[in-house]
*Asks:* 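Have a look at this one.
The model shown is predicted, which means the values in this text are computed figures rather than measured ones.
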Amino acid sequence: ISCAPNSLVLFSPVLDTSKKGFGHDRFPTPELAKQSNLFNAIARGLPPMLVFHGTADRVVPYETSELFVRKVKKKKNAAEIMPFEGQGHGFFNLNVSFELYQSTLMAMDDFFIAQGLIENDPEARMEVL
């Protein structure tokens, strides 16, 4: 059984760990930061991915995820970004906003259904408040 993921859902992800990105100084060595930079992992054959990101994220800039998705698509991989206007880092947490939490869960379900990873169950859908 392969341990490679069938799809990825990323929430306000730290993608760029270079000096210009986020978290470079949190790694024990610059080499580990470079190895962890996901921009260096972009290649053909990545699993389909969905990225949730708030446009007002002050921790990890929204533009980083936007650029990442563009580069992933350029390599002929399936990727999409779902922007959440005016939202900051962690907007998707239940204790921040039930409505946004619910929106991300429903979008995730739709994504997994489209990938054929789960079956659609109309009775299990939550109502958007």
*Asks:* Atom NZ of Lys74 and atom CZ of Arg44: how far apart are they, to the nearest 0.5 Å?
*Replies:* 12.0 Å

*Asks:* I'd like to know if the side chain of Asp57 and the backbone of Gly88 have a donor-acceptor N/O pair within less than 3.5 Å.
*Replies:* no

*Asks:* For residues Ile81 and Phe68, determine if any side-chain heavy atom of one lies less than 4.5 Å from a side-chain heavy atom of the other.
*Replies:* no

*Asks:* For the ring pair Phe11 and Phe52, is the centre-to-centre distance below 6.0 Å?
*Replies:* yes

*Asks:* According to a hydrophobic-cluster definition based on side-chain heavy atoms being under 4.5 Å apart (Ile, Leu, Val, Met, Phe, Trp, Tyr only), do Leu10 and Val59 belong together?
*Replies:* no

*Asks:* Between the side chain of His89 and the main-chain N/O of Pro61, is any donor-acceptor distance below 3.5 Å?
*Replies:* no

*Asks:* Is it true that a side-chain atom of Asn6 and a backbone atom of Leu117 form a donor plus acceptor pair closer than 3.5 Å?
*Replies:* no

*Asks:* Could you give the distance from CG (Asp16) to CG (Asn37), rounded to the nearest 0.5 Å?
*Replies:* 4.5 Å

*Asks:* Please examine the side chains of Val96 and Gln87, heavy atoms only from C-beta on, and report whether any two atoms are closer than 4.5 Å.
*Replies:* no

*Asks:* Give a yes or no on whether the backbone of Ala33 and the side-chain of Ser36 come within a donor-acceptor separation of less than 3.5 Å.
*Replies:* no

*Asks:* Is the number of heavy atoms from other residues, nucleotides or ligands under 6.0 Å of Glu31 CD greater than 12?
*Replies:* yes

*Asks:* Kindly compute the distance separating OG1 (Thr17) from NZ (Lys34), expressed to the nearest 0.5 Å.
*Replies:* 11.0 Å

*Asks:* Decide yes or no for Pro30 and His24: does some side-chain heavy atom of the first lie under 4.5 Å from some side-chain heavy atom of the second?
*Replies:* yes

*Asks:* Once rounded to the nearest 0.5 Å, what's the spacing between atom CG of Leu46 and atom OG of Ser7?
*Replies:* 12.5 Å

